[in-house]
Amino acid sequence: MQVLIDIKNLDLFYGEFQALKKVSMSIPEKAITAFIGPSGCGKSTLLRTLNRMNDMIPGTRIEGSIRVGDTDIYGSDVDVETLRKKVGMVFQQPNPFPKSIYDNVAYGPRLHGVTKKHELDEIVEKSLRSAALWDEVKDHLKRSALSISGGQQQRLCIARALAVNPDVLLMDEATSALDPISTLKIEELAQELKDRYTIVMVTHNMHQAARVSNQTVFFLNGEVIEYADTEKLFSNPTDQRTEDYISGRFG
Amino acid sequence: MKPRTVDKIATGIIMAVAGFIILLLAGFLSYIIIRGFGHISFDFLTSPPQTFREGGGIGPQLFNSLFLLVLTMIITIPLGLGAGIYMSEYAKPGRLTDFIRLTVEVLSSFPSIVVGLFGLLVFVNVFEFGFSLFSGALALTVFNLPLMVRITEQGLRSVPREQKEASLALGISKWKTITSVMLPMAVPVILTGTILASGRVFGEAAALLFTAGMSSPRLDFTNWNPLDPTSPLNPFRPAETLAVHIWKINSEGVAPDAREIAAGASAVLVMTVLSFNLIARWLGRMVYRKFTSSR
């Protein structure tokens with residue numbers, strides 16, 4: 001499989017605290033990679049370095065390199081906005097804008113310069129279809145995005161991210177605020193999307209990682225303990241700590 | 001004592017204090033309005049004041065107050081928005097930001113008479129704007145700016161971080177995120193705050209005594225050329241506002257009905273400010289509903 005994201009010797013500090021220690025990994029394209037590990041292990045931090053959302057936290061310092069495709073994303077000539085267009089993100093809490101369903105999806109393309117109504121219509125429909133939400137909302141696109149259910153809102157957020165045409169979709173515990181049925185829908189959606197997008201997901205839920213992902217990375221205290229095909233990691237882990245974690249002995 | 005008894009006593013005291021405040025407010029309002037209301041008529045609201053004879057009105061003063069308010073807001077809102085956006089979104093925590101914040105706090109605690117004297121010194125004399133609406137508007141800006149900055153800052157901070165992140169994560173620049181997601185969501189807070197600040201401006205007298213002046217030239221309400229000295233729209237003419245007029249007739253009014261005029265003018269002033277408050281609440285709620293498209 002082709003590698004899309006290549007992380008080498010990444011150290012990340014929040015002030016004095018080192019949140020990531022010498023992290024190296026290669027994330028293949030058009031597959032789902034899951035980050036698991038106990039709270040505070042650095043999995044979300046790593047995810048947020050991939051679209052540089054950590055830039056907003058004052059006192060963050062980074063050493064090492066991350067390449068997405070051909071670009072060193074922490075290089076001096078990198079335009080963060082272009083990067084974030086390529087590396088979309090879905091958050092833990094569904095966070096649609098207090099606008100209509102249509103305007104939520106059209107927001108990104110509009111501000112990136114798409115003005116023609118029929119082009120926007122097309123993008124909105126395509127994105128909502130990709131997010132498996134079209135059939136549920138196509139008759140009331142003008143309705144407030146806050147009026148639909150939490151699970152639908154989260155799929156709307158996925159549609160909103162897809163509307164700017166990314167290569168990578170980062171999902172930061174995107175189902176942890178949802179009920180089991182909505183969670184299942186998002187998992188199925190992720191399975192469909194991986195044919196076209198590279199998905200990296202952080203999850204608290206080991207079963208989810210086991211169900212959905214192709215590769216799993218196990219983190220502990222800012223270090224990568226084990227990185228393997230999901231099947232292998234869950235059935236036959238190499239490291240004792242991985243085995244302890246997945247068998248529920250801690251975390 | 002039992003916790004329940006303590007709880008009851010505390011609740012009782014708080015209720016009594018709240019009741020006292022409401023009574024005080026109701027007393028003030030009804031006193032001013034009852035005393036002045038009978039004097040308010042269309043004629044009173046539109047005719048010019050009389051110095052010695054009975055039957056003077058407050059027309060020019062009312063107009064001056066409203067016009068001055070508009071002028072002040074034209075200057076204050078852009079400055080306040082700019083500074084507020086800077087303080088909330090761009091200022092990095094540190095000495096400079098702390099210093100700016102301290103300056104804003106100090107500015108907001110200045111007595112308005114001091115702001116008025118500052119205006120006399122700087123705007124009226126140094127910049128030679130004279131006793132004019134423009135000098136008054138600048139003085140009121142000094143007086144109002146801290147409030148406006150704080151309101152904007154508060155409004156932007158009330159926008160959930162998730163909303164901001166959602167926009168940034170789509171590759172939208174910080175500035176566009178501010179203008180297209182954060183400001184619209186902050187508008188209800190900013191709007192409400194601005195209207196409340198307007199109420200303060202409308203009722204302000206001390207800062208205007210030495211800046212906008214205590215006289216109003218003969219105004220020709222058919223002349224709408226802003227450069228003409230008799231035009232009501234000329235910002236460089238002296239202009240006595242309603243609040244200043246009340247102060248003046250109360251202290252040196254010689255017309256036989258000075259007391260009634262003061263009472264009527266006070267009632268008009270109080271009712272205007274009160275309606276600003278009500279409009280602010282209503283508009284804030286309506287805009288909030290519109291922007292969050294909730295019913």
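Below, read A as the first sequence line, B as the second, and so on, with proteins coming before strands; counting in each chain starts at 1.
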**OP:** For each of B:S173, B:P93, B:A169, B:P160, tally heavy-atom pairs with chain A at distances under 4.5 Å, and name the one with the top tally.
**Re:** B:A169
Original post:
Just wondering, more than 12 heavy atoms not from A:K126 lying within 6.0 Å of its NZ?
Top reply: no
Original post:
If you look at every heavy atom in B:L170 and A:Y107, which pair is closest and at what distance?
Top reply: CD1-CD2, 3.7 Å
Original post:
Just wondering, do B:M185 and A:P98 contact through their side chains at under 4.5 Å, heavy atoms?
Top reply: yes
Subject >> Beyond-backbone contact of A:F91 with B:E165, side-chain heavy atoms, under 4.5 angstrom >> reply: yes
**OP:** Examine whether an atom of A:P166 lies under 4.5 Å from a heavy atom of chain B, and if so say whether it belongs to the side chain, the backbone or both; otherwise answer neither.
**Re:** neither
Subject >> A:V80, part contacting chain B, at a heavy-atom distance under 4.5 Å >> reply: neither
**OP:** Side chain from CB out, backbone as N, CA, C, O: work out which of these in A:R48 comes under 4.5 Å of a heavy atom of chain B, or both, or neither.
**Re:** side chain
**OP:** Check whether more than 12 heavy atoms from other residues, nucleotides or ligands sit under 6.0 Å from atom CD of A:E122, and answer yes or no.
**Re:** no
Original post:
Under a 4.5 Å heavy-atom cutoff, which of A:L111, A:V164, A:L170 has the most pairs with chain B?
Top reply: A:L111
Subject >> From CD (A:E81) to NZ (B:K176), nearest 0.5 Å >> reply: 8.5 Å
Original post:
Around B:Y90, counting heavy atoms of other residues, nucleotides and ligands shown, do more than 12 lie under 6.0 Å from its OH?
Top reply: yes
Original post:
What part of A:R160 lies closer than 4.5 angstrom to a heavy atom of chain B: side chain, backbone, both or neither?
Top reply: both
Original post:
Rounded to the nearest 0.5 Å, what separation is found between the CG atom of A:N95 and the CZ atom of B:R161?
Top reply: 10.5 Å
Original post:
Which heavy atom of A:R84 sits nearest a heavy atom of B:L168, and at what distance?
Top reply: CD-O, 3.1 Å
Original post:
Got a sec: does the CZ of A:F13 have more than 12 other heavy atoms crowding it under 6.0 Å?
Top reply: yes
